[in-house]
Q: 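Before we start, here is the structure in question, set down as structure tokens.
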Amino acid sequence: FPHAQLDGGLTPVAEHSLLTGGAPCYRVYETADGGELAVGALELRFWQAFCDAIGLSELRSSHWSLGEAPASEAALRTGRRVAERVRARPLAHWVGIFERVDACVAPVLKPSDALAHAQFAARGIVHKRGGVTHVGPLARMTAHDFAPRPAPAAGAHTRELLREVGFDEPAIDALIACGAVKGS
């Protein structure tokens with residue numbers, strides 16, 4: 001959406017539109033311990049579950065789909081109330097609450113914490129080989145085993161790639177001979 005605004009000659013402004021934090025239901029809130037809680041409750045039912053879970057049920061109708069325009073004075077007031085409530089407790093508290101609530105809420109994790117997350121472990125997508133971390137494949141495929149292998153030697157595929165983009169053999173030979181590309 002911000003790219004569409006740019007294409008339309010507009011400058012996207014943080015905390016101004018629905019998807020840039022202008023709506024209290026779609027933004028990141030700081031917790032008491034400096035953590036961050038991401039809320040993506042664009043659908044009314046998720047927003048209402050979120051409000052109930054944080055103890056602000058009176059804000060259930062303060063949603064963009066019910067007329068609370070992003071970045072409006074009402075949305076700013078709602079956002080301040082939510083921010084105050086979320087900031088009152090540490091991230092672990094909110095993670096514990098939202099483990100049991102379907103509200104499109106998740107902690108913002110540091111990369112090391114994200115790689116250790118139970119969902120990554122359950123899906124088997126984080127692999128360590130020596131001191132190098134490999135992530136993938138993200139999509140599960142039947143009968144696929146993740147097996148990292150060494151990168152090809154420099155120039156191993158030069159001829160194939162140059163042929164694919166339209167060079168003929170004499171041109172490829174000339175590029176390799178003058179040192180413009182590495183090849184065999």
Side-chain angles (χ1 to χ4, degrees), residues 1-31 34-47 50 64-65 69-71 91 94-95 98-99 101-184:
F1 288 100
H3 291 279
Q5 287 179 308
L6 285 170
D7 291 346
L10 303 173
T11 302
V13 179
E15 299 181 3
H16 185 72
S17 68
L18 179 64
L19 300 180
T20 62
C25 66
Y26 198 81
R27 71 167 65 148
V28 175
Y29 293 95
E30 186 178 353
T31 61
E36 294 177 315
L37 192 68
V39 179
L42 288 173
E43 292 181 43
L44 181 60
R45 68 185 177 102
F46 295 133
W47 172 250
F50 170 75
W64 71 271
S65 68
L91 184 60
W94 297 119
V95 168
F98 287 104
E99 283 178 347
V101 177
D102 186 14
C104 296
V105 175
V108 176
L109 301 176
K110 294 181 220 142
S112 59
D113 294 335
L115 291 175
H117 194 274
Q119 286 191 20
F120 275 20
R123 292 175 60 204
I125 62 172
V126 178
H127 309 275
K128 293 252 186 208
R129 186 173 188 183
V132 178
T133 301
H134 302 273
V135 178
L138 297 178
R140 300 302 273 162
M141 294 169 267
T142 305
H144 177 77
D145 288 324
F146 179 80
R149 56 185 183 258
H157 301 289
T158 299
R159 288 185 178 279
E160 178 184 346
L161 292 171
L162 290 174
R163 269 188 231 107
E164 190 175 309
V165 296
F167 286 88
D168 61 18
E169 290 304 316
I172 295 171
D173 290 338
L175 288 168
I176 292 171
C178 78
V181 295
K182 193 168 193 99
S184 52

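What you see below is based on every heavy atom in this structure, not just the backbone, and it leaves out hydrogens, waters and symmetry mates.
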Q: Nearest 0.5 Å, please: how far is CG in L115 from NZ in K128?
A: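 Reported value, rounded in 0.5 Å steps: 6.5 Å.
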Q: Going from CZ on R27 to OG1 on T20, what distance comes out if it is rounded to the nearest 0.5 angstrom?
A: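 R27 atom CZ to T20 atom OG1 measures 9.5 Å (nearest 0.5 Å).
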Q: Taking L42's backbone N and O only, do any of them form a donor-acceptor pair with W64's side chain (distance below 3.5 Å, no angle check)?
A: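 Answer holds: yes.
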Q: Do W47 and P24 have side-chain heavy atoms sitting under 4.5 Å apart?
A: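 W47 reaches P24 side chain to side chain.
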Q: Can you see which heavy atom on A38 is nearest to which on V108, and at what distance?
A: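 Minimum heavy-atom contact is CB-CG2, 4.0 Å.
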Q: Take a 6.0 Å sphere around CD of Q119 and say whether it holds more than 12 heavy atoms from other residues, nucleotides or ligands.
A: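 No, the 6.0 Å shell around CD holds no more than 12 heavy atoms from other groups.
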Q: For W94 and L37, work out which heavy atoms get closest and say how close.
A: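 Looking at all heavy atoms of both residues, the closest pair is CB-CD2, 3.8 Å.
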Q: Taking all atoms of both residues into account, what is the closest heavy-atom pair of T31 and E36, and its distance?
A: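 Where T31 meets E36 most closely, the heavy atoms are OG1-N, 4.1 Å.
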Q: Side chains of F50 and V101: closer than 4.5 Å at any heavy-atom pair?
A: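 In short, these two side chains do not touch, never coming nearer than 4.5 Å.
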Q: Taking all non-hydrogen atoms of both residues, which atom of L175 and which atom of F167 are closest, and how far apart?
A: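 For L175 versus F167, the nearest heavy atoms are CD1-CE2, 3.8 Å.
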Q: Does the side chain of R159 come within less than 4.5 Å of D173's, by heavy atoms?
A: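 They are in contact (side-chain heavy atoms under 4.5 Å apart), so the answer is yes.
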Q: Using 0.5 Å steps for rounding, measure from the SG atom of C104 to the CZ atom of R45.
A: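 Going from SG on C104 over to CZ on R45, the span is 7.5 Å.
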Q: Tell me, with the steps shown, if H117 and V126 meet side chain to side chain contact (heavy atoms under 4.5 Å, CB included).
A: CA-CA 10 Å; H117 194 274; V126 178; over 6 Å; no
Q: Give me the atom names and distance for the closest heavy-atom approach of A23 to P70.
A: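 For A23 versus P70, the nearest heavy atoms are N-CB, 4.1 Å.
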Q: Identify the heavy atoms of I176 and G183 that sit nearest to each other, and give their distance.
A: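 Result for this residue pair: CD1-CA, 3.9 Å.
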